[in-house]
Amino acid sequence: RSLGQEVGLFSLKMLMVAVTISVVVFVAVSQVAYTAYKVADKVEVSIGELRKKPFKELERQLFMAADASNEPSPEKQEKVVQSLRVLVKRVKPYVDELRPLFSEK
């Protein structure tokens, strides 16, 4: 064979290798992009659900607490009030120290 035929055959082989590599890379990149898109979509949906869940639960608890059937007895109310007073006394020194952080001066 002549040098021209050898170069032509080599060029044809290189072209086939380049096309094969290009197809493999294209398929791989497409698959990765598709998977990334699916994951991003699932994450977005999950975040949306997470945002709604705490408020739904808060709403449910609020309605339950406001229901007349959950009215505490006068003894229980007094016990809660006394407990809150104790907690306020315990926390007050800390709140007093933090108060300058929230003043406008």
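As the structure is a computational prediction, the values presented were derived from the model and not from experiment.
No single ILVMFWY cluster, assembled from side-chain heavy atoms under 4.5 Å apart, contains both Tyr94 and Phe102.
Other cluster members for Val25: Val17, Ile21, Val29, joined by side-chain heavy-atom distances under 4.5 Å among Ile, Leu, Val, Met, Phe, Trp and Tyr. Taking Ile, Leu, Val, Met, Phe, Trp and Tyr as hydrophobic and joining them when side-chain heavy atoms fall under 4.5 Å apart, one finds Val95 in a cluster with Val91.
Under the side-chain hydrogen bond (donor to acceptor under 3.5 Å, both in side chains) criterion, Arg60 pairs with Glu57, not counting sequence neighbours. For Arg90, there are no salt bridge (Lys or Arg N to Asp or Glu O under 4.0 Å) partners at least two apart in sequence or on another chain.
With rounding to the nearest 0.5 Å, the separation of CZ in Phe63 from CG in Leu58 is 9.5 Å. Here Ser22 contributes atom OG and Leu15 contributes atom CG; the two are 9.0 Å apart, rounded to the nearest 0.5 Å. For the atom pair Ser73 OG and Lys79 NZ, the distance stands at 10.0 Å (nearest 0.5 Å).
Legend: salt bridge (Lys or Arg N to Asp or Glu O under 4.0 Å) pairs involving residues 62-76, not counting sequence neighbours: none detected. Within the structure, salt bridge (Lys or Arg N to Asp or Glu O under 4.0 Å) pairs that include any residue of residues 91-100 comprise Lys92-Asp96, Asp96-Arg99 (at least two apart or interchain).
No more than 12 heavy atoms of other residues, nucleotides or ligands shown are found within 6.0 angstrom of CD on Gln31.
Contact of the Phe26 side chain with the Ser30 side chain is registered, since non-hydrogen atoms from C-beta on lie closer than 4.5 Å.
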